[in-house]
Peer 1: 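Below is one structure. I have some questions about it.
Indexing begins at 1, ligand by ligand and atom by atom, following the structure's order.
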Amino acid sequence: MSNSTNNSITIDGREIPFEEGQTIMDAARAADIYIPHLCHRPGLKPHGSCKLCTVDVNGRAASSCTLPAANGQEIANNTPELKEVRKNITQMLFVEGNHFCPSCEKTGDCTLQAVAYHLDMLDGHFPQFYPKRKVDASHKSIFLDRDRCILCELCVRASREVDGKDVFAITGRGMDAHLIVNSESGKLGDSDISTDDLAAQICPVGAIMIKEHGYEVPIGRRTFDLHSIAEPGLEPVILRKGKHADE
Ligand code: SF4
Ligand code: FES
């Protein structure tokens with residue numbers, strides 16, 4: 001019979017403790033085990049959409065950011081098969097948008113790019129979609145490039161759960177799914193988002209960007225130039241936009 005003081009799960013042969021209510025992702029993070037993820041951030045409700053955090057739990061695939069840890073679970077996180085699945089998901093995200101890193105200010109600070117490096121992704125593999133979605137540059141300090149949006153809903157949840165503003169939403173299904181702004185005109189400039197909002201800072205890619213702050217950190221000194229995404233404790237650094245790991 002389990003009790004809350006000695007609950008444990010095993011990830012890749014390593015037994016780690018967990019507390020009641022923690023997901024597998026929570027327990028792994030607390031033990032400094034990296035499970036690749038894009039739509040998850042500690043402190044926001046898990047969303048379970050990107051599927052990058054898929055692990056094998058007692059032989060069955062499951063999303064580690066939404067599945068509660070349960071005593072005795074045997075979990076595989078680091079297998080060639082999982083790496084291949086995660087790489088395919090990442091490749092699909094790249095070809096669905098216009099992720100042309102050499103011309104994107106987020107390069108070196110981008111979680112999608114860092115995950116791709118982590119998974120040894122050398123190309124997009126699938127045919128490129130070249131979408132033409134609308135850029136919204138109507139806000140005086142923030143712009144939105146939907147061609148780089150991976151629909152992770154981090155901005156949606158940050159705005160709703162932390163900023164208390166509900167500025168963003170996703171609408172449409174499948175290939176038509178896209179990010180909208182909840183203002184009368186549908187423009188960012190008519191919303192009450194500000195640069196201090198978590199929603200303005202949390203985007204893991206170069207879709208929501210602060211204007212007039214391009215290339216302040218030189219290439220070579222950016223977060224993922226200096227650190228692997230799998231490094232323990234790195235993620236809170238990403239949330240503090242403008243602060244870099246070597247500051
Ligand atoms: S704009 Fe950024 S944070 Fe918002 S859904 Fe798209 S990728 Fe995620
Ligand atoms: S991080 Fe778990 S589904 Fe995206």
Side-chain angles (χ1 to χ4, degrees), residues 22-29 33-57 61-69 75 77 82 85-86 88-90 92-94 96-99 101 104-106 109-116 118-119 131 133-137 139 142-163 165-172 177-182 186-188 191 193 195 197-210 229-230 235 238-239 241:
Q22 281 189 321
T23 61
I24 292 171
M25 175 74 80
D26 295 333
R29 287 178 54 83
I33 294 172
Y34 174 67
I35 301 177
H37 57 278
L38 282 168
C39 73
H40 178 72
R41 283 293 178 281
L44 296 179
K45 276 198 198 103
H47 185 49
S49 63
C50 76
K51 301 299 172 207
L52 211 69
C53 72
T54 299
V55 290
D56 261 34
V57 182
S63 299
S64 58
C65 70
T66 50
L67 189 71
I75 297 156
N77 172 45
L82 283 170
V85 169
R86 291 164 178 166
N88 283 344
I89 292 170
T90 308
M92 282 189 248
L93 289 171
F94 264 85
E96 279 167 14
N98 292 329
H99 298 284
C101 306
C104 178
E105 203 287 323
K106 193 85 173 198
D109 284 328
C110 172
T111 312
L112 179 67
Q113 185 189 47
V115 163
H118 176 75
L119 297 170
R133 305 186 193 115
K134 284 206 173 81
V135 171
D136 183 342
H139 193 281
I142 302 165
F143 77 88
L144 169 62
D145 184 341
R146 291 182 173 87
D147 284 344
R148 299 179 188 151
C149 176
I150 57 170
L151 302 175
C152 67
E153 296 203 23
L154 284 172
C155 60
V156 177
R157 285 171 283 156
S159 185
R160 186 181 305 143
E161 295 170 24
V162 179
D163 306 331
K165 292 189 178 175
D166 214 11
V167 168
F168 296 105
I170 304 281
T171 189
H178 60 281
L179 188 71
I180 56 166
V181 175
N182 288 325
K187 297 276 189 201
L188 212 50
S191 76
I193 192 169
T195 52
D197 291 352
L198 184 59
Q201 302 173 20
I202 199 171
C203 184
V205 293
I208 299 175
M209 301 286 282
I210 308 297
I229 193 162
E235 198 161 67
I238 301 167
L239 285 182
K241 189 172 168 64

Peer 1: Which atoms of ligand 1 are found less than 4.0 Å from any heavy atom of A207?
Peer 2: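 Under 4.0 Å from A207, ligand 1 has these atoms: 1 (S), 2 (Fe).
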
Peer 1: Looking only at non-hydrogen atoms, which of C39, C50, A158, C149 approaches atom 6 (Fe) of ligand 1 most closely?
Peer 2: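 When every heavy atom of C39, C50, A158, C149 is considered, C149 comes closest to atom 6 (Fe) of ligand 1.
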
Peer 1: Please write down residue, atom name and distance for the protein heavy atom closest to atom 4 (Fe) of ligand 1.
Peer 2: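 Answer for atom 4 (Fe) of ligand 1: C155 SG, 2.3 Å.
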
Peer 1: Looking only at heavy atoms, what is the nearest atom pair of R86 and I35, with distance?
Peer 2: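 In terms of heavy atoms, the two residues are closest at NH2-CG2, 4.0 Å.
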
Peer 1: Taking the side chain as every heavy atom from C-beta outward, state whether K134 and D136 have any atom pair closer than 4.5 Å.
Peer 2: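 Counting from C-beta outward, K134 and D136 never come under 4.5 Å.
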
Peer 1: Which label fits Y34 and H37: parallel for a plane angle under 30°, tilted from 30 to 60°, or perpendicular past 60°?
Peer 2: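 Rings of Y34 and H37: tilted, as their planes differ by 30° to 60°.
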
Peer 1: Students should be able to answer this: which protein heavy-atom is nearest to atom 7 (S) of ligand 1, and at what distance?
Peer 2: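 Among all protein heavy atoms, the one nearest atom 7 (S) of ligand 1 is I150 N, 3.3 Å.
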
Peer 1: Should D145 and M209 count as side-chain neighbours, where that means a heavy-atom distance under 4.5 Å?
Peer 2: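 Heavy-atom side-chain distance check fails, nothing below 4.5 Å.
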
Peer 1: For ligand 1, indicate whether the residue I202 contacts it via side chain, backbone, both or neither (heavy-atom separation under 4.0 Å).
Peer 2: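 The answer is neither; I202 stays 4.0 Å or more away.
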
Peer 1: For F94 and A116, which heavy atoms make the closest approach, and how far apart are they?
Peer 2: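 Taking F94 first and A116 second, the nearest heavy atoms are CE1-CB, 3.8 Å.
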
Peer 1: Examine ligand 1 and decide if any of its atoms is less than 4.0 Å from a heavy atom belonging to A199.
Peer 2: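 So A199 does not count as touching ligand 1.
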
Peer 1: Roughly how far, to the nearest 0.5 Å, is the CD1 atom of I33 from the CD1 atom of I24?
Peer 2: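 Going from the CD1 atom of I24 to the CD1 atom of I33 covers 11.0 Å.
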
Peer 1: Is any side-chain heavy atom of V167 closer than 4.5 Å to one of V181?
Peer 2: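 Contact flag for V181/V167 side chains = yes.
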
Peer 1: Which of the atoms of ligand 1 are close to V205, meaning less than 4.0 Å from one of its heavy atoms?
Peer 2: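 Near V205, the atoms of ligand 1 are 7 (S).
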
Peer 1: Quick check for you: to the nearest 0.5 Å, what is the distance between R148 atom CZ and H99 atom NE2?
Peer 2: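 These two atoms lie 9.0 Å from each other.
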
Peer 1: Under 4.0 Å from any heavy atom of C65, which atoms of ligand 2 are there?
Peer 2: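 So the atoms of ligand 2 that pass are 1 (S), 2 (Fe), 3 (S).
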
Peer 1: In ligand 2, which numbered atoms sit nearer than 4.0 Å to a non-hydrogen atom of K51?
Peer 2: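 Taking each heavy atom of K51 in turn, ligand 2 has 3 (S), 4 (Fe) under 4.0 Å.
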
Peer 1: Should you measure from each heavy atom of S49, which atoms of ligand 2 turn up under 4.0 Å away?
Peer 2: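 Answer for ligand 2: 3 (S).
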
Peer 1: Using a 4.0 Å cut-off to any heavy atom of C53, which atoms of ligand 2 qualify?
Peer 2: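 Once the distances to C53 are compared, the set is 1 (S), 2 (Fe), 3 (S).
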
Peer 1: With a 4.0 Å cut-off on heavy atoms, does I208 reach ligand 1?
Peer 2: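 So I208 counts as touching ligand 1.
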
Peer 1: With a 4.5 Å limit on heavy-atom distance, are the side chains of V205 and C149 in contact?
Peer 2: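 Heavy-atom side-chain distance check fails, nothing below 4.5 Å.
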
Peer 1: Would I170 and E153 satisfy side chain to side chain contact (heavy atoms under 4.5 Å, CB included), going step by step from the backbone distance to the final call?
Peer 2: CA-CA 7 Å; I170 304 281; E153 296 203 23; 3.3 Å; yes

Peer 1: Provide the number and element of each atom of ligand 2 under 4.0 Å from a heavy atom of H40.
Peer 2: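 It comes down to these atoms of ligand 2: 1 (S).
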
Peer 1: Looking only at heavy atoms, what is the nearest atom pair of R157 and K45, with distance?
Peer 2: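 Where R157 meets K45 most closely, the heavy atoms are NH1-O, 2.6 Å.
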
Peer 1: For ligand 2, is any non-hydrogen atom under 4.0 Å from H47's backbone (N, CA, C, O), its side chain (CB onward), both, or neither?
Peer 2: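 Near ligand 2, H47 shows nothing, with every heavy atom at 4.0 Å or more.
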
Peer 1: Closest non-hydrogen protein atom to atom 8 (Fe) of ligand 1, residue and atom name please, with distance?
Peer 2: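 Nearest protein contact, heavy atoms only, for atom 8 (Fe) of ligand 1 is C152 SG, 2.3 Å.
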
Peer 1: Examine all N, O or S atoms of C203, backbone included, and report whether one is under 2.8 Å from atom 4 (Fe) of ligand 1.
Peer 2: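 No N, O or S atom of C203 is closer than 2.8 Å to atom 4 (Fe) of ligand 1, so no.
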
Peer 1: Tell me the protein heavy atom at minimum distance from atom 5 (S) of ligand 1, and give that distance in Å.
Peer 2: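 Going by distance alone, atom 5 (S) of ligand 1 is nearest to E153 N, 3.3 Å.
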
Peer 1: Among all protein non-hydrogen atoms, which one is nearest to atom 1 (S) of ligand 2, and what is the separation to 0.1 Å?
Peer 2: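 Minimum-distance protein heavy atom for atom 1 (S) of ligand 2 reads H37 CB, 3.3 Å.
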
Peer 1: Looking at L179, which atoms of ligand 1 are within less than 4.0 Å of one of its heavy atoms?
Peer 2: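 Numbered from 1, ligand 1 contributes 1 (S).
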
Peer 1: Out of all atoms in ligand 2, which are within 4.0 Å of some heavy atom of C50? Include the element for each.
Peer 2: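 Counting from 1, the qualifying ligand atoms are 1 (S), 3 (S), 4 (Fe).
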
Peer 1: Show the nearest heavy-atom pair for residues I142 and A200, with the distance to one decimal.
Peer 2: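 Result for this residue pair: CD1-CB, 3.9 Å.
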
